[in-house]
Amino acid sequence: FAKEDLLHIEGIIKKAPKEVPVSFQAKVYYKLGNVFKSEKDSSTAKSSFKKAAELSPDSEWGKKAKAEL
């Protein structure tokens with residue numbers, strides 16, 4: 001269920017990004033990156049990690065995402 005839950009939250013972020021704290025957005029994209037990585041979808045994983053790193057580069061999640069790139 002994790003992937004579906006994360007994709008649902010991503011949909012909320014896309015509809016109302018100002019309503020969701022940037023650090024939480026970065027966490028969601030980082031975790032999505034790990035899901036796609038585990039599914040061997042390296043292109044989508046990279047996009048998710050990149051989004052996390054761009055959203056909050058100095059946060060814990062942004063730093064972890066940068067390490068994945």
Side-chain angles (χ1 to χ4, degrees):
F1 296 103
K3 181 179 179 182
E4 290 80 16
D5 292 344
L6 290 167
L7 291 171
H8 177 75
I9 296 168
E10 180 188 32
I12 292 168
I13 291 169
K14 287 181 176 181
K15 287 179 187 171
K18 292 182 174 150
E19 302 298 318
V20 182
V22 175
S23 60
F24 185 74
Q25 291 181 39
K27 180 179 181 178
V28 169
Y29 282 107
Y30 172 78
K31 292 194 174 275
L32 274 172
N34 280 321
V35 169
F36 292 121
K37 183 179 173 182
S38 73
E39 294 177 345
K40 309 276 190 260
D41 184 350
S42 59
S43 176
T44 308
K46 185 176 179 180
S47 295
S48 297
F49 289 134
K50 186 176 179 187
K51 182 82 172 172
E54 289 171 354
L55 281 166
S56 189
D58 296 324
S59 72
E60 171 189 358
W61 303 108
K63 290 176 183 174
K64 285 182 174 186
K66 282 188 243 178
E68 294 287 343
L69 294 171

Given side-chain contact (heavy atoms from CB on, under 4.5 Å), test Leu6 with Tyr29 step by step and report yes or no. CA-CA 8 Å; Leu6 290 167; Tyr29 282 107; over 6 Å; no
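- For the pair Lys64 and Glu68, the salt-bridge criterion is not met [side-chain N within less than 4.0 Å of a carboxylate O].
- The CG atom of Leu7 sits 10.5 Å away from atom CD1 of Ile13, with the distance rounded to the nearest 0.5 Å.
- Atom NZ of Lys27 sits about 11.0 Å away from atom OG of Ser59, to the nearest 0.5 Å.
- Atom NZ of Lys66 sits in a crowded spot, with more than 12 heavy atoms from other residues, nucleotides or ligands closer than 6.0 Å.
- Atom CG of Leu32 sits about 9.0 Å away from atom NZ of Lys3, to the nearest 0.5 Å.
- Taking each heavy atom of Phe49 and Gly33 in turn, the nearest pair found is CZ-C, 3.4 Å.
- Taking CD of Glu19 as the reference point, atom CD of Gln25 lies at 10.5 Å (rounded to 0.5 Å).
- Here the side chain of Ser47 pairs a donor or acceptor atom with the backbone of Ser43 at under 3.5 angstrom.
- Interatomic distance, OH of Tyr30 versus OG of Ser23, reported as 15.5 Å (0.5 Å rounding).
- When the side chains of ILVMFWY residues are joined at heavy-atom separations under 4.5 Å, either directly or via intervening members, Trp61 and Phe36 end up in two distinct hydrophobic clusters.
- How far CG of Asp5 is from NZ of Lys31: 12.0 Å, rounded to the nearest 0.5 Å.
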Should Phe24 and Ile9 be marked as a side-chain contact (heavy atoms from CB on, under 4.5 Å) after you check the CA-CA gap, both sets of side-chain angles, and the distance that decides it? CA-CA 10 Å; Phe24 185 74; Ile9 296 168; 3.8 Å; yes
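- Considering every non-hydrogen atom in both Ala26 and Ser56, the closest pair reads CB-CB, 3.8 Å.
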